[in-house]
Structure formats: structure tokens, C-alpha cells
Amino acid sequence: MIKTKNIEKTYKKPSVTTPVLRGITLSIHRGEYVAIMGTSGSGKSTLMNILGCLDKPTSGQLELDGTDVYTLDDDALSALRNKKIGFVFQQFFLLERTTALENVLLPLIYADNYPADAKQRAKKALTNVGLEDRMEYLANELSGGQQQRVAIARALINDPDVILADEPTGNLDSGSTHEVLEIFSRLHQEGRTIIVVTHDRAVAEHAQRILELKEGQIIENTTSSKPENSGNH
Amino acid sequence: MVIGVAAVIVMVSMGRGAQKRILDMIHDMGTNLIVVNAGRVSLVGGRERQSAIVTTLRPGDAEAIQDHCASVAEVAPETSRKMNIQWESENLMTDVVGVTPAAFRVRNIEIETGRTFDSVENDTARRVVLVGSVIVEKLFDSEDPVGHQIRIGRAPFEVVGVMKAKGVDANGVDRDDRVLIPIKTAMRRLVRTTYIQKIHILVAKFEQLQHAETEIRELLRERHRLRDKPDDFTIQNQASLVQTERESARTLTLLVGSVAAVSLLVGGIGILAVMLTACRERRREIGLRRAIGARRRDIRTQFLLESLIIAGLGGFFGAVLGVLSTFLASTLGGWNAIVSWGATGAGLTLSAIIGLIFGIYPASKAAALEPIEALRSE
Ligand SMILES: Nc1ncnc2c1ncn2[C@@H]1O[C@H](COP(=O)(O)OP(=O)(O)OP(=O)(O)O)[C@@H](O)[C@H]1O
Ligand SMILES: [Mg+2]
């Protein structure tokens, strides 16, 4: 599903060059639930943005569902993000003064053709994350946990191949964290590919596999012992 | 933006008003006409104002022009005064104008019913009168007045004819609200003056208009013994009237045009500023949209549309303001202005174009943002 080969990322400033990723080679299969851990500044977000085709590495290769990503032009990358990737961010990134429903509909606007059943799909996605009674609320009228669930519904609307979540619970209390992790587990059980970045081991434990980033390299590649998450290919 | 569009509309509407005035004037007076006014005539607010009474213009001047100026075909002196006229128990105030029979030709006056008066009647100062259509309506209840006796002041006059309706002239004077009598009758029996107010002169050939004007001016200056004093009369010819009109229209156009240009520019810069601010403040939104699949051109289109909408709103309010002030200017201000819907459309189009032009830079800037940088910004 996702394959990287020797990805390196170096930030160059006139005075200093900071190597952040130093040769990441990994492979994530369809249906896997993977957590990426590491200390602050270890390059988790950087790697995540590269996997999500939002950022480009200094060198290395990325293959997504058989496509060599770096042969694509900017428009094709947009289309790829639109179709194959669902993002969930720590800061939610919803449009304020816009209803939950409209926020969820947003990716469909940029799809090749706007489906006739868009509204139904958005409602279904919101129901899926337990927000059937909050559809017409404005984003800024929702709690943090609710906003993050809207963001998850938005990530799901285009039926993506992979969900990339960068610290999805970083801004949430334990209750909301629990709800979000429940949803991820359920999505995983439905066969979705999920990659979660976190520095919270308790969150990472929900995944099948944990990758640990240290000094720009993957130093650990452990399979979680959690029994209920091990049933997938 | 609002002011700019409004200004464009007002400007063009005024321009059209002025143009219509010029055409009206040419139509009314014919192109070969020269008018000599006693005293100085100035244009105030697009209309003629005559200075205080000047007594130096006399019937003899008209005769001299007829006799001595080769380029002149016909001369029609005129004197007029507002007086009371009465029929049976009805009274009204109107312009009583004394003219020679030449005036019917020179000023293109036609007869509806009855007849004109001739030079014998003028020379013998007969009390005959031609009335305008407004008089027929107001004084005679629209009945044919020919043959009736009316009083002008205290003197009895016989109505011999009714003039064809001509409407309001370029100076806003109703040419149907007047009566015509022989000039000699007017001067001897009614007004009792020796001076006249106007001489209308028909020039034989249009090409000689300028020459005729010079001839007339020299003759009058000599007859009035002016030497180095300024003219005590004003000569207007069609060409110079049109010229003055054009000039005042051009000044106006220039003035309003520069106001329009400046305010459209200011509006454009305003849009630029608003959109650049939006572009800066909404970086995260841009990043998010890019992350979920918006292409650069989608972002550009969005921002262009937004500046178009802002400009369009500005243009719309400007159009409303412009049309309103044109109406006000023509009804209250007495300006000749005709609302130009073409200009209204052009103003709207112009503001849309400005919205697009000044929107291009911010929109391109928004589109050029790298998604990752946009997302990471605060
Ligand atoms: N645009 C940039 N320019 C320069 N350096 C950068 C830039 N973005 C990130 N870095 C550096 O790259 C390193 C890794 O950043 P990254 O955001 O990937 O860390 P992280 O593992 O996500 O940390 P955290 O847990 O705090 O989110 C940091 O040292 C950071 O300073
Ligand atoms: Mg991070």
C-alpha cells in the first residue's frame, strides 16, 4: 500500500542545515493500523506530511498504491490527496462559521465530479462518528472532541485508501481521546488503513504496529501485543 | 469603488445631457443664426443669464446691420417684457414680445390658425397679436381665439393668429407661453422705450458665420462709440455656442473622469489590501483546502471570485448612488442630465474588471502557497 525507500529530509538555512529524516525505508500494507512514535522534534510530522504528499523529501522515493508519487505534477498530487488520503490534524482545521455538514462536504467539491448523493454521504459519515444531531452546527459551536470527529468524517467522505492522523488526540481530553480511538479501531476493523502519529504510548498501543522514530531513523518496529487489533491482514 | 462607479454614471449622463442640449439648440435655431444681446450674457449652470438692462441697443442698429453687412440675409430685432394679458374675466402674466415680420422667417415661427402680421401693420403700429398655444389653453380654454379682442396691459389688441407649439427651449423657457406683437406697436404703445433687447440675424451662408460676426461687432462698436471700452452687447453664433457647450461638457467630463479614475484606483487598491489580508489570515484554510484536494487553480479561482464579489458589490452600490444623484441633479439641480444605462452597465463592468485585475495578485499569491507551509502557519 505505502512504500518508502531511503527518504531523507534536510532543512537548509543559510547558517545551519538540519537533517530531520535520515533514510526512512518502510512499508505499510493495506488494512494495517500503524502508530508512529517519537520524541518531540524527532520528525514524526515531517514524515507524516511526506506520506500524505503534502511535502517532498530531499531525496528518496514514495510509492502509494503502486504509483511512484514523485513522477506526478502538482495537480495530480492534489487529485491523489483528494481520492486516496484522508487527513486528521491535531488542530482539526475546520472552516469556522461553516456547518459540520458543509465541512464534511468540502473534499467532494474538489473531486472530479460532485456526486449527486453528496449530502447523503456526508450525513452518513457524520452519523458514523456519532454526530447525527450536530450536522447543522457551526464548527465553532462544537467542542474539541466533536470538531475532531467532524474532521474524521471529512477524512472519510471520499472513501480514502489511507487515513493519516497527526496527533489526533493531542488537543483532546481523555473522554474525547477515547471516542476518537474507538472510531479508529472500528475503522480498522472495517478494513481501513490507518497511520497515527502520537507521542502517547497509550494511544499507540491501539495500533497493530508501532514505528519509533529517533534521530531521523526508525529504530523500533514492534508489533503491538493487543489481541483485539491483531485480526487483520 | 462606489464613488468611482457613481462618478462614471453621473459623468456620462451629464455628457449626454449636454450633447442633447447642443443638438436641441442647433435644431431650434438653425445653423446660420447669430444672436446679438444687449449687455453681457453669461452661462450659469448651463443656462443663459442676462446682466442688468442695457439701453444702448436700438432698432437703428438692426437696420444698419441689414444695410451694411453684406453677409447678412435677414435681421429680426426684438424687445420683450412680462405683462398682464386679459380676455373677458381671465388674466395671466406672459412674455409680450415685439418683433418685425422678418422674425417669422428668421426664427422659424409657423402659424397654426389665422395669419401673421405684415410690415405695414408694423409700421403703422397696429394692435394685432399672435398667441402661443399655452395662452390659448389657459386664457381661452382651448377655443380658437382668432378674431377675439384681448387686453395687453390696458390696450386692446385683436388676436390675428395662433403660433404652432414649439415646446421648451434649451434655456428652459416655454416658447408657447408668449404672445407676439409688431415691434413698433410694442415700443410706441406698450413698453415705451427706445431700446431693444435682441437682434436675431440670419446669415446667408454658413461659411460666412465668422465673418458676419466680425462685421456686426465692428459695426455695433462704431455705432455705440465704444472706442477702447468693452462690448456693451454679446454676440452668439451657433458655432461658438456649441463650442462653449462642448468646453463646459469637457471640463465636467475631465473633472468627474479624474474623480472616477482616482476612486476606481483607490477601490482597486482597497480590494488588493483586503484580499492580501485575507490571503495572509486564511493561510491555514488554504493549506487545509490544498490538503483535501484543491488544486492551485481552485484556490486562485476562489480568491478571484471573492474579489470579484467585493468589487461587484461596490459597483452595485455605486450604480445605485450614480443613478440617484443623476436623477437629483436633473430634477433638483436643474442640470441637463439623462441617466445613461449604458454608463451604468459600463460602471458595473469596470468595477468587475478592477476586481479581477486587483484580485489577480492576491489570488496568485494564495495559489502559490505550498500546502505544508500554509498549514503550519499560525
Ligand atoms: N520548515 C521548517 N524549517 C526548518 N526546520 C523545520 C521545519 N519544519 C520542521 N523543522 C524541524 O524538523 C524537526 C522535526 O519537526 P517535526 O515537526 O517533524 O517534529 P515532530 O516529531 O512532529 O515533533 P512534535 O512531537 O513536537 O510535533 C524539528 O527539529 C523542526 O525544528
Ligand atoms: Mg508533530
Side-chain angles (χ1 to χ4, degrees), chain A residues 9 11 45-57 72-98 103-114 139 147 150-158 160 163-166, chain B residues 270-314 316-317 352 355-356 359-378:
Chain A
K9 179 78 179 177
Y11 288 107
S45 296
T46 306
L47 176 60
M48 197 64 146
N49 292 330
I50 288 172
L51 295 181
C53 310
L54 284 170
D55 201 2
K56 284 192 175 170
L72 301 176
D73 67 8
D74 202 70
D75 283 0
L77 282 178
S78 291
L80 183 119
R81 288 195 293 267
N82 184 253
K83 276 202 213 85
K84 303 206 165 175
I85 298 166
F87 288 99
V88 179
F89 300 98
Q90 180 174 359
Q91 305 94 322
F92 324 137
F93 289 143
L94 300 182
L95 300 187
E96 288 174 28
R97 292 186 293 273
T98 305
N103 266 290
V104 174
L105 279 170
L106 206 56
L108 292 179
I109 292 173
Y110 298 114
D112 287 342
N113 34 22
Y114 189 76
Q147 289 190 44
V150 173
I152 295 171
R154 181 181 64 193
L156 289 170
I157 187 90
N158 262 349
I163 288 174
L164 298 181
D166 189 351
Chain B
I271 285 176
L272 191 71
V274 167
M275 291 314 291
L276 279 178
T277 313
C279 172
R280 203 176 319 113
E281 279 173 359
R282 287 158 59 189
R283 287 169 70 111
R284 286 152 142 252
E285 178 194 328
I286 296 166
L288 182 268
R289 286 178 186 271
R290 295 279 280 131
I292 61 173
R295 293 161 301 180
R296 289 192 194 280
R297 82 176 89 118
D298 295 322
I299 302 292
R300 187 176 311 126
T301 309
Q302 182 193 341
F303 272 71
L304 270 182
L305 266 177
E306 284 180 21
S307 58
L308 195 66
I309 288 170
I310 297 176
L313 278 177
F316 174 76
F317 286 118
L356 280 182
I360 287 174
Y361 176 63
S364 308
K365 225 178 143 179
L369 272 179
E370 289 302 328
I372 186 66
E373 282 167 28
L375 272 178
R376 237 200 246 115
S377 55
E378 279 315 297

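Every chain is numbered from 1, with letters handed out A, B, ... down the list of sequences. If you're wondering where the values come from, they're calculated on a predicted model, not measured in any experiment.
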**OP:** Using a heavy-atom cutoff of under 4.5 Å, enumerate the residues of residues 289-301 of chain B that contact chain A, numbered in order, or state 'none'.
**Re:** B:R289, B:R290, B:A291, B:I292, B:G293, B:A294, B:R295, B:R296, B:R297, B:D298
Original post:
chain A contacts: which residues in residues 369-376 of chain B have a non-hydrogen atom closer than 4.5 Å to it?
Top reply: B:P371, B:I372, B:L375, B:R376
Original post:
How many angstroms lie between atom CG of A:N82 and atom CD1 of A:I157, to the nearest 0.5 angstrom?
Top reply: 11.0 Å
Original post:
Atom CZ in A:F89, atom CG in B:L288: separation rounded to 0.5 Å?
Top reply: 6.5 Å
**OP:** Please tell me if the side chains of A:N158 and A:Y110 come closer than 4.5 Å, counting only heavy atoms from C-beta onward.
**Re:** no
**OP:** To the nearest 0.5 angstrom, please state how far the CG atom of A:N113 sits from the CG atom of A:L108.
**Re:** 10.0 Å
Subject >> Under 3.5 Å: donor-acceptor pair, side chain of B:S307, backbone of B:G355 >> reply: yes
Original post:
Measuring from A:S78:OG to A:D73:CG, what's the distance to the nearest 0.5 Å?
Top reply: 9.0 Å
**OP:** Could you tell me which non-hydrogen atom of A:L72 sits nearest to which non-hydrogen atom of A:L80, and how far apart they are?
**Re:** CD1-CD1, 3.9 Å
Original post:
Which atoms of A:F93 come close to chain B, meaning under 4.5 Å heavy atom to heavy atom: side chain ones, backbone ones, both, or neither?
Top reply: both
Subject >> Set of side-chain hydrogen bond (donor to acceptor under 3.5 Å, both in side chains) partners for A:K84, sequence neighbours left out >> reply: A:D65
Original post:
Once you round to the nearest 0.5 Å, how far does CG of A:L106 lie from OG1 of A:T98?
Top reply: 8.5 Å
Original post:
Distance-only, no hydrogens or angles: does the A:R81 side chain make a donor-acceptor pair with backbone N or O of A:C53 under 3.5 Å?
Top reply: yes
**OP:** Identify which of A:L94, A:D55, A:D74, A:I109 forms the greatest number of heavy-atom pairs closer than 4.5 Å to chain B.
**Re:** A:D74
Original post:
Under 3.5 Å, side chain of A:N49 to main-chain N/O of A:S45, donor-acceptor pair present?
Top reply: yes
Original post:
What pair of heavy atoms forms the shortest contact from A:I163 to A:P160, and how long is it?
Top reply: CG1-CG, 4.2 Å
Original post:
What is the minimum heavy-atom distance between A:N103 and A:A139, and which atoms define it?
Top reply: ND2-CB, 3.8 Å
**OP:** Report yes if the side chains of B:Q302 and B:I286 come closer than 4.5 Å at any heavy-atom pair, otherwise no.
**Re:** no
**OP:** Measure distances from A:L95 to the heavy atoms of chain B and classify the residue's part below 4.5 Å as side chain, backbone, both or neither.
**Re:** side chain
Subject >> Closest non-hydrogen atom pair, A:F87 against A:G52 >> reply: CZ-O, 3.2 Å
Original post:
Given that the side chain runs from C-beta out, which part of A:E96 has a heavy atom under 4.5 Å from chain B: side chain, backbone, both or neither?
Top reply: neither
Subject >> Neighbours of chain A found in residues 270-285 of chain B - heavy atoms under 4.5 Å >> reply: B:R284, B:E285
